Undergrad: 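Have a look at this one.
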Amino acid sequence: MTLLSKFFSKDSIMTRKMHAAVVEQFGKPLVLKEWDIPTPGPGQIVVKTEACGVCHTDLHAANGDWPLKPSPPFIPGHEGIGLVSAIGAGVTIVKEGDRVGVPWLYSACGHCEYCLTAWETVCPSAQFGGYTKNGGFADYILADPNYVAHIPAGLGAKEAAPLICAGITTYKGIKVTEAKAGEWIVISGAGGLGHLAIQYAKVMGLQVCAVDIDDGKLAHATRLGADLVVNAMHGDPAEAVKKGTDGGAHGVLITAPSLGAFKQGVAMTRKRGTCVLVGLPPGDFPVPLFDVVANCITIRGSFVGNREDMAEALSFAAQGKVKADIEMQPLSAINSVFERLEHGDVAARVVLDFSAH
Ligand SMILES: [Zn+2]
Ligand SMILES: [Zn+2]
C-alpha cells in the first residue's frame, strides 16, 4: 500500500478533492495532502495531470531561495502535462480532451512591449506555474489556455514533461547564441539540461562540443551525437575547446549551475561569439572584462522561451529527433526526489507519474 493510498480515502473523489504535494513552509518537506479540485472561471481551463517533471527550480521554489518568493501554501511543478478536463466560459483555443502542458510561463499580459514582440517571458505581469500560480504536483491544474503548451500527436505525456521546461530552455538558449548550421557550439554540462541541448543542437545542424566533469555523461553525450567531448577536470578545458574548434565555439551554452563553468564558457567562446547563460548558480559571476572586450564577445542571459519556441521544441520531439532521459516516480516520492536533486544524485529528468490513480 502506498503512502498516498493510505492517506487518501476513496471518498476523496466524491468530495472533489485531489492529491497534491504542497509547500506549507519554505525549507520544509512538501506535505502530501488533499486539496480542492479547481473549477475553471471564465477564460480558464482545468487540466487532469498525467505526468509532471521535477525541475531544480521547484527546489528553489520550495526553499524560497530567490528574491521574488511564492506565497505558501502553494503547489510547485511547471512541467505538468495532462488532458483538458474542464473549460470555463469563453474558452475556444482548446477543447476537452486536448493534451496540453502547463509551463513555467503560466500567463502574461499580452499587451506590453515585451509581449508585443514575442518576449512574453520577460513580461512584467507574467505569472509562473508552480510558483506564483499552483502547479503540476497535483491531480488537476488550473491553467490559462492562451499560454499552455499544445502537445503534438504522437508525443506521450511522460516524454513531453521535461521538454516544456528543460527542453524549451535549452532550445531557446541555443537559438540566442546565434550560432548557425555548420558552426560550433559548446554545451557546458551534459546532464538534465545538457543532454537535451546536445540533441537540439545536432538537429539544428551545429557541430557540438560537450563539456562536463563526468566521463559517463560525456560518453552519453557522444552517443547523443556530440562531435567533440572535453572533460573540464583535466588540463585546460578552454584550450582544449579552442584547439578542437579551431579558435573557439561560435556559441556557448552554459547549462551547468556552476560559476567555474560560467568563467570557462567565456574563455571557450570564439571572437565575436556569444556565450549564453541559462543556469542560475548562487553568487556573483565575475566577468573577465579584458577577454570580453578585446574579443568582442557577447554574454547573454536566456530564460525559457516563448510559445513559438515551445511549439518548435515539442515538434522536434514528436518527429523523434529529441528524446529526454526520464525516470518515473510517484507523487508520494517527491521529498526523496528533492533530496536527491539537492545532492546532484539524479542522472535523468525525474517525471512524476499520475497515471496510477
Ligand atoms: Zn524548470
Ligand atoms: Zn506583457
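These numbers come from a predicted model, not from an experiment. The basis for the numbers below is simple: all heavy atoms, side chains too, and nothing from hydrogens, waters or symmetry mates.
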Undergrad: Do Tyr171 and Glu312 have side-chain N/O donor and acceptor atoms under 3.5 Å apart?
TA: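 Yes.
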Undergrad: Using side-chain heavy atoms (C-beta onward) and a distance below 4.5 Å, is Asp353 in contact with Pro330?
TA: no
Undergrad: Answer with yes or no after comparing the ring centroid distance for His60 and Trp66 against a 6.0 Å cut-off, counting only values under it.
TA: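 Yes, the ring centres sit under 6.0 Å apart.
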Undergrad: Look only at the side chain of Asp212 and the backbone of Ala190, and say whether a donor-acceptor pair between them is shorter than 3.5 Å.
TA: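 Yes.
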Undergrad: So, Tyr200 side chain and Ala313 main chain: donor-acceptor pair closer than 3.5 Å or not?
TA: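 Yes: the side chain of Tyr200 pairs with the backbone of Ala313.
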Undergrad: Do the ring centers of Tyr131 and Trp104 come within less than 6.0 Å of each other?
TA: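 That pair passes the under 6.0 Å test.
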Undergrad: How about Phe303: does its CZ atom have over 12 heavy atoms from other parts shown lying under 6.0 Å from it?
TA: yes
Undergrad: When you measure from the side chain of Thr49 to the backbone N and O of Ala138, does any donor-acceptor pair fall under 3.5 Å?
TA: yes
Undergrad: Does the Glu79 side chain pair with the main chain of Cys55, one donor and one acceptor, at a distance under 3.5 Å?
TA: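 No; judged by distance alone, with no hydrogens or angles, the pair does not exist.
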Undergrad: Test your reading of the model: is there a side-chain donor-acceptor pair from Thr245 to the backbone of Val241, 3.5 Å cut-off?
TA: yes
Undergrad: Are the side chain of Arg300 and the backbone N or O of Val176 linked by a donor-acceptor pair below 3.5 Å?
TA: yes
Undergrad: Quick one: does Gln44's side chain have a donor or acceptor within less than 3.5 Å of a partner on Gly41's backbone?
TA: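 Yes, the answer is positive, given that a donor and an acceptor are paired below the 3.5 Å cut-off.
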Undergrad: Is atom CG of Asp284 surrounded by more than 12 heavy atoms (other residues, nucleotides or ligands) closer than 6.0 Å?
TA: no
Undergrad: Can you tell me if Asn306 uses its side chain to pair, donor with acceptor, with the backbone of Glu308 under 3.5 Å?
TA: yes
Undergrad: Restricting to ring-ring contact (aromatic ring centres under 6.0 Å, His included), what partner residues turn up for Phe285, sequence neighbours left out?
TA: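 Counting only residues at least two positions away or on another chain, Phe285 forms a ring-ring contact (aromatic ring centres under 6.0 Å, His included) with Phe262.
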